[in-house]
Amino acid sequence: MRLRVAAGGPAALKVLAAAGAAAAPVRLVWGGPLEQPLAPLSPPWTPALELDSGTVLFSPNAICQFFFLARGEEPTDLTNQWLEWEATELQPAASAALYAQLVHGRKGLEAVEVLGKLLVHIELNLSRRGTAYLAGDTKSVADVVVWGTLFPVLQDETSLPSELQVLRTWFQSMTLSEACRKAADSVLMPKALLEFKSYLQKQPPPCLAMERATSNEPEEEEGSEPALTEEEITAAVDAWARGVAALPKPWQPQKPVLPVEGMRNVLITSALPYVNNVPHLGNIIGCVLSADTFARYCRLRNWNTLYVCGTDEYGTATETKAVEEGLTPQEICNKYNAIHTDIYRWFDISFDYFGRTTTPYQTMIAQDIFQRLLARGFLLQDTVEQLQCEDCQRFLADRFVEGTCPFCSYEEARGDQCDKCGKLINAVELKNPQCKLCRGVPVVKPTQHLFLDLPKLEEQLEPWLEQSWATGDWTANARYITRSWIRDGLKPRCITRDLKWGTPVPLDGFRDKVFYVWFDAPIGYLSITANYTDQWERWWKNPQQVELYNFMAKDNVPFHSVIFPCSLLGADDNYTLVNHLIATEYLNYEDGKFSKSRGVGVFGDMAKDTGIPADIWRFYLLYLRPEGQDSAFSWSDLMLKNNSELLNNLGNFINRAGMFVCKFFGGTVPDMVLTPDDKRLLARVTLELHQYHQLLEKVRIRDALRCILSISRHGNQYIQVNEPWKRIKGDEKDRQRAGTVTGVAVNMASMLAVMLQPYMPSVSLAIQGQLCIPPDCFVLSHNFTCTLPPGHRVGTVSPLFQKLEHDQIEALRKRFGGGQPEDLAVEPQAKQTPPASVTLMAPGDPELIQELTEEVAKQGNHVRQLKANKAEKAQVDTEVAKLLELKKQLALAEGKSPEVLVPKGKRKK
């Protein structure tokens, strides 16, 4: 069969990607845009598939479906729904967006504004189902078709709204797939795009159907909840009725924790922090806090879990710090290891063991791996040009050299890597190099070094990577970075350095050298485990029984996905290799970077001095965890999230549920008689619980946190609609209803305590104490059960969270701002005395604006629902007042002057 396409045409993109994804045996014919289309009345650039039978398919979606059908993949109902939605809704809007980009010159979010609701629709569907792709856990024709329509508009990913993290992950995954990447490279050629643009300029702009009014129509709710089935409701009620008996028994592992036959054995590492630095918030969320959250979740699932970490203490960075502080390297290590330990203890990081790399086990294991690589012919010896400082009379290791990056011209690049463009470099490649010790100009001299023969190991690496990617959960950025390394071709990598502080090289002619830190440091995972238990090999030489999760920031990916696996594969000693590589993007501070020297940003040793509890820091960092793209810490946003999500949502619900038991029922959980509405609530909560599990099993930590907050919102709405404080004063039927609502609510609070434990362990423990939740109930299952039955006694209930005040936050912003220009701009505003009812916020924060926009929309929906249900006027007025206050805050966040808002229909003439 023959596929005819024209370069530059967006429709060609999806059909070429589908042909590649389905491995269709087509003969490709490139046609020009001015050629007569095969299909009558079809516009130029329309692709056509000529079958061997002579039949011609000219609908792009039909062509895509044909390719997948020929491969034996029958479309499902869900796939067909996506294809129909793409053709009738997404395609017209995408055409309008592309016209706005190419013809009107619009860029970024402005260009894709017309796609707003449609992108949210994809985000919500992916989030609800918890699947990697639109119609399931494997790629389907729906993914290819939707991606092909979106890519011409969204190929500059800055056009994707930052809050659509799940969509962004899916889009990146599709873009990085071989079929889609090749299609994009073939179709979207600059010259062809100019021709297509010229064609569009002669056409009238696409005309979209009139959008529905967005004021009172229920259809406006793109995020409306899916309908519940009778099966889901019945299953939820059955699970509730089984109570504690439906829960698995909590399992406590032996000490030390060792793999257990027949259990899921999970080994978790977080990238070893450099001992010479105090970690800032970005370091903490990128490595130890993310790993800790997942480790806590694993333990609640009764998975046999070991979580290890420690300080990376060898190498140039330590020597540099020692010179700066006038201490020996060992003294520096002792000092900063204690600082790291204190910081992680305060953040409640639940390591099974936190160690260090300066131990005899590190020397023994690293030298053994080296000897095995040497014996198997995977090491090379070569003369290299290296910078030598004649004033200091020493060869300069990478960290002792700074200069201009040869790739991006960044003027403060290190001798091993550029922090701006991320490329690995050799120190001799730097332009204008300087010795960091004396600021002299070093000279190039030859020296002998040992290299890991990565090209020779590539034939073992690639099949292992393919298998790990197929069976494990690697984040999209981890896959992308690894693929780029492989694509560029592996080169021998130097594993020795001319230093004193490090693991000695056990080979004649090199005994005055040490191992390079990026050969040596990952071996620290093994040696730290060996310091924890002498049976460490049961974890690290046991790939048949152990699942290994590595947590890190994206700059550490190549060392964990290429260099370290190559070392272990070459050593050929049945080592456990990474199954799941979880990498975050970067967390920035306000509008800049963290800088200890400039006093910009919050560092780990400062957080406890802010007066904000550790669990609030944990919550906020995990809420904005940079899973799909860089994110930024914002003081205004921290205040908003604490006061809205924790205080007014989660804390308010749990406190009310417990207080109702104490105030109305003498501290004893009342009898419950479930109505159909209650049963639907049980099913709704169960669906949120299932999604929580699906997301955390895929290590989508940030998204899973939303499920907790969604459940508490359901709870608040449930209480608000049923008004137990009024019903308790009514007749017997009303009092029974008050009891049922209170009993269901306090059981929801009990389940939330368990779900919250990975994120906020101290708050979780406080809820457990207040509600007297039995220890046997502190385990996660997939069912929402009645763990606090009628007759259960609760304890003293008190508020879980405190409000963060504007003055407090502004003082902290100024304290940690380091005199940045944006802080100076805020200062005059801070000196004004605002009206008591108005909270000033730093205008222009896009995440804050987006958050408030969502809150306004949610509150608007809530008000409309109350009106539709004919709720009491007082209740409606209260909720309307909340809506107006949110709109006022949104106006402030947008830098506007908030007008005096009054309810619609009551404006003064």
Side-chain angles (χ1 to χ4, degrees), residues 607 610-624 633-660 662-663 702 705-720 725 745-746 748-753 755-757 759-771 796-813 836-842 845 847-848 850-856 858-859 862 878-879 881-890 892-893:
T610 61
I612 298 173
D615 267 19
I616 306 300
W617 287 108
R618 287 178 62 109
F619 167 82
Y620 183 61
L621 290 174
L622 291 163
Y623 191 97
L624 53 78
F633 173 91
S634 159
W635 285 106
S636 299
D637 192 46
L638 170 64
M639 179 177 71
L640 177 69
K641 295 299 186 297
N642 178 84
N643 295 348
S644 60
E645 293 290 11
L646 292 181
L647 185 66
N648 294 339
N649 176 17
L650 182 68
N652 180 54
F653 170 66
I654 292 172
N655 185 254
R656 291 170 89 190
M659 286 299 296
F660 290 159
C662 296
K663 184 175 180 180
R702 170 177 172 164
L705 179 56
R706 268 56 169 186
C707 298
I708 295 173
L709 301 174
S710 180
I711 290 173
S712 59
R713 285 193 193 93
H714 282 301
N716 276 315
Q717 186 175 8
Y718 177 63
I719 288 175
Q720 206 62 33
W725 63 92
V746 80
M748 289 174 66
S750 175
M751 188 184 73
L752 285 171
M755 295 175 70
L756 197 62
Q757 198 266 0
Y759 295 89
M760 306 180 77
S762 295
V763 171
S764 171
L765 190 64
I767 302 169
Q768 184 181 11
Q770 291 184 20
L771 301 184
T796 303
V797 177
S798 58
L800 297 167
F801 305 109
Q802 291 185 333
K803 185 178 182 182
L804 291 178
E805 300 293 347
H806 173 69
D807 291 346
Q808 173 190 5
I809 290 300
E810 281 304 309
L812 289 170
R813 187 203 304 275
S837 62
V838 177
T839 303
L840 287 178
M841 301 175 192
D845 183 337
E847 289 195 11
L848 175 60
Q850 180 61 35
E851 195 68 32
L852 284 168
T853 301
E854 292 176 2
E855 291 296 328
V856 166
K858 288 176 185 173
Q859 186 66 13
H862 180 51
T878 300
E879 297 306 312
K882 289 181 184 177
L883 176 61
L884 297 179
E885 178 61 30
L886 282 169
K887 288 184 176 179
K888 191 185 300 181
Q889 290 186 35
L890 175 59
L892 285 164

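We count residues from 1, following the sequence as given.
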Is the shortest side-chain heavy-atom distance between [X] and [Y] below 4.5 Å?
X    : Y    : answer
L812 : L638 : no
I719 : W725 : yes
P613 : Q802 : no
I711 : M751 : yes
R713 : E645 : yes
T610 : W617 : yes

Apply side chain to side chain contact (heavy atoms under 4.5 Å, CB included) to [X] and list each qualifying residue two or more places apart in sequence or on a separate chain.
X    : value
N642 : I616, L646, L804
A614 : W346
Q757 : R296, L300, S764, F778

Within a radius of less than 6.0 Å around CD of Q808, do more than 12 heavy atoms belonging to other residues, nucleotides or ligands occur?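 Yes.
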
Roughly how far, to the nearest 0.5 Å, is [atom2] of [Y] from [atom1] of [X]?
X    : Y    : atom1 : atom2 : answer
N655 : F660 : CG    : CZ    : 9.0 Å
N716 : M748 : CG    : CE    : 8.5 Å
S634 : I809 : OG    : CD1   : 9.5 Å

Heavy-atom pair of closest approach, residues [X] and [Y]:
X    : Y    : result
S712 : N649 : OG-OD1, 2.8 Å
L709 : Y623 : CD1-CE1, 3.6 Å
I708 : L752 : O-CD2, 3.6 Å
L771 : S750 : CD1-N, 4.1 Å
C662 : V797 : SG-CG2, 3.9 Å
Q720 : R656 : OE1-NH2, 3.1 Å

Starting from the C-alpha separation in whole Å, work towards a yes-or-no answer on side chain to side chain contact (heavy atoms under 4.5 Å, CB included) for Q770 and I654. CA-CA 10 Å; Q770 291 184 20; I654 292 172; 5.7 Å; no

So among W635, Y759, F633, which one has a ring-ring contact (aromatic ring centres under 6.0 Å, His included) with Y620?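 Testing each of W635, Y759, F633 against Y620, the sole residue satisfying ring-ring contact (aromatic ring centres under 6.0 Å, His included) is F633.
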
Where the side chain of S644 meets the backbone of L640, is there a donor-acceptor pair that is under 3.5 Å apart?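 Checking the backbone N and O of L640 against the side chain of S644, a donor-acceptor pair under 3.5 Å is found.
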
